[in-house]
Amino acid sequence: MSGCCYEIDELLNEAIITGVPAILVEGIDDISVYDEISASVPFDVEVYAIENIEGYTEGCDQVISAIEDLNSLSNESHPLSNHILGVIDKDVRDYRHELPEIEPLLVLNYYSIESHFVSKKIISNILSVSSKTNRELVSDGLCNIMMDEIETKLLDLYYFSLESLRKSIDPTYAASFSYSYSPGRIRDPQTRQDVLGKKNDLDVFATSLGIAPCIDTLKSISKGKWLIDVFSQELLNSMNSLQEKCAESTIETCKSCISEAFDKCLYRIKEGFTKKTIKSLALSNIEGAEVQYIQNRIASIKGAA
């Protein structure tokens with residue numbers, strides 16, 4: 001609903017009168033994502049960016065404030081949870097003991113919505129549209145190989161994410177990296193030296209929080225925009241290596257390469273697929289994203305979960 005503002009009480013009244021629940025999200029960019037996520041729910045919903053509600057600006061704190069305000073407007077005849085749901089990114093609120101305890105509000109399981117689009121299923125779906133491979137070639141085994149390769153690269157984010165988390169928990173900490181930085185900063189030689197030089201201290205910090213280096217940890221502590229950026233680049237790298245793997249028979253050999261027509265390998269990537277393309281495809285691939293719990297929470301507004 002970009003360019004149009006509602007009063008908060010009008011939003012609630014409209015949801016009650018029309019029977020169409022309202023989903024409040026952090027920003028305009030989130031509307032299309034949650035529209036797609038909600039498409040599987042067996043009733044209509046309307047997704048609103050909180051900044052389009054009169055008196056609020058963008059961001060998770062604004063969604064929380066709106067839910068608090070809405071709670072003061074609702075009554076027993078029309079319970080708020082039957083008509084409204086706020087959704088916010090987790091960020092690192094859990095590590096700062098700042099998870100809001102109000103309803104109806106869904107706090108994502110991972111750092112942000114982008115984190116949910118790093119998955120093996122996404123690999124399968126993108127490979128199917130970016131190459132001439134058939135369903136037989138895009139097997140679980142192949143996707144496992146690719147995901148293992150990508151996870152190894154993603155773990156390069158681990159210590160940078162720990163450093164950022166530590167700064168977020170303790171503002172007085174002299175950090176060499178923070179959540180405000182772009183993912184490209186990770187490749188800066190001096191920054192890498194500074195952060196990786198603290199590995200022992202960061203390992204102790206991680207142990208104190210029960211954190212270990214794995215993909216689930218990254219989805220929890222790594223900024224979602226960093227994670228999807230690196231995932232998209234490494235997925236592209238992995239896809240570009242498939243033609244060589246096929247020729248060497250280290251993966252299932254396609255019919256072209258069996259016939260030694262290596263230049264017609266079915267694994268080769270079609271023209272026009274870049275990191276930007278891969279990222280766009282990944283973020284629009286709701287079917288492959290780990291969003292079932294979000295869909296269930298939205299469905300529960302009307303008891304359809």
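As a basis for the values below, the full set of heavy atoms in this structure was taken, side chains included, without hydrogen atoms, waters or symmetry mates.
- Lys121 and Glu290 are not joined by a salt bridge, as no carboxylate oxygen comes within less than 4.0 angstrom of a charged side-chain nitrogen.
- Heavy atoms only, all atoms of each residue included: Phe273 and Leu236 are closest at O-CD1, 3.7 Å.
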Evaluate the criterion side chain to side chain donor-acceptor pair (under 3.5 Å) for residue pair Gln233 and Asn237; output intermediate values, then yes/no.
CA-CA 6 Å; Gln233 181 60 63; Asn237 293 345; 3.0 Å; yes
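- Between the side chain of Ser222 and the backbone N or O of Lys219, no donor-acceptor pair lies under 3.5 Å.
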Hey, mind stepping through Asp89 and Tyr110 against side chain to side chain donor-acceptor pair (under 3.5 Å) and telling me if it holds?
CA-CA 7 Å; Asp89 293 343; Tyr110 297 140; over 6 Å; no
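- Using a 4.0 Å cut-off between charged side-chain N and carboxylate O, Arg93 and Asp61 make a salt bridge.
- Under the side chain to side chain contact (heavy atoms under 4.5 Å, CB included) rule, Gln295 has a single partner from Ser38, Ser300, Ser40, which is Ser40.
- Of the listed residues (Phe177, Phe160, Phe231), just one forms a ring pair (Phe, Tyr, Trp, His ring centres under 6.0 Å) with Trp226, and that residue is Phe177.
- The backbone N or O of Lys264 lies less than 3.5 Å from a partner atom in the side chain of Ser256, making a donor-acceptor pair.
- Looking only at distances, a side-chain donor or acceptor of Lys223 sits under 3.5 Å from a matching main-chain atom of Tyr179.
- No more than 12 heavy atoms of other residues, nucleotides or ligands shown are found within 6.0 angstrom of NZ on Lys132.
- Rounding to the nearest 0.5 Å places CD1 of Ile211 at 5.0 Å from CD1 of Ile221.
- Nearest heavy-atom pair across Leu80 and Glu103 is CD2-O, 4.5 Å.
- Without hydrogens or angle criteria, Gln243 side chain to Phe262 main chain gives a donor-acceptor distance under 3.5 Å.
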Quick one: do Ser238 and Ser241 satisfy side chain to side chain donor-acceptor pair (under 3.5 Å)? Show the steps, please.
CA-CA 5 Å; Ser238 184; Ser241 73; 4.6 Å; no
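- When the shell of 6.0 Å around CD of Glu287 is examined, it contains 12 or fewer heavy atoms from other residues, nucleotides or ligands.
- Smallest separation of non-hydrogen atoms from Ile37 and Ile286: CG1-CD1, 3.8 Å.
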Candidate pair His116 and Tyr111, rule ring-ring contact (aromatic ring centres under 6.0 Å, His included), full reasoning:
CA-CA 9 Å; His116 297 68; Tyr111 187 100; over 10 Å; no
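- Side chain to side chain, Asn109 and Lys90 fail the donor-acceptor criterion of an N or O pair below 3.5 Å.
- Counting only N and O atoms by type, the side chains of Tyr181 and Thr191 include no donor and acceptor under 3.5 Å apart.
- Using a distance-only test at 3.5 Å, with no hydrogens or angles considered, no donor-acceptor pair links the side chain of Ser220 to the main chain of Asp216.
- Checking side-chain atoms of Ser259 against main-chain N and O of Ala261 turns up no donor-acceptor pair under 3.5 Å.
- More than 12 heavy atoms of other residues, nucleotides or ligands lie within 6.0 Å of CG in Asp9, so this atom counts as buried by the packing criterion.
- When the shell of 6.0 Å around CD of Glu10 is examined, it contains more than 12 heavy atoms from other residues, nucleotides or ligands.
- Residues Val63 and Gly86 come closest through the heavy atom pair CG1-CA, 3.9 Å.
- Note: Ser124 OG to Leu142 CG = 8.5 Å, rounded to the nearest 0.5 Å.
- In terms of modelled atom types and a separation under 3.5 Å, the side chain of Asp148 and the main chain of Ile145 share no donor-acceptor contact.
- Seen from the ring of Tyr173, Lys167 does not count as a face-on cation partner, given the 6.0 Å and 45° thresholds.
- In this structure a side-chain-to-backbone donor-acceptor pair under 3.5 Å is missing from Ser119 to Ala289.
- Note: the hydrophobic cluster containing Leu196 also contains Val230 (ILVMFWY, side chain heavy atoms under 4.5 Å, direct or indirect links).
- The side-chain hydrogen bond (donor to acceptor under 3.5 Å, both in side chains) test with Ser176 singles out one residue from Lys198, Arg192, Gln193, and that residue is Lys198.
- Of the possible polar contacts, none joining the Lys275 side chain to the Leu235 backbone as a donor-acceptor pair under 3.5 Å is found.
- A donor-acceptor pair is defined here as one N or O able to donate and one able to accept, closer than 3.5 Å; no such pair exists between the side chain of Arg166 and the backbone of Glu163.
- Ion pairing between Lys279 and Glu114 fails under the 4.0 Å rule for side-chain N and carboxylate O.
- A salt bridge is defined here as a Lys NZ or Arg NE, NH1 or NH2 lying under 4.0 Å from an Asp or Glu carboxylate O, and Asp91 with Arg96 fails to meet this definition.
- Counting all heavy atoms, side chain and backbone alike, Phe117 lies closest to Leu283 at CE2-O, 3.5 Å.
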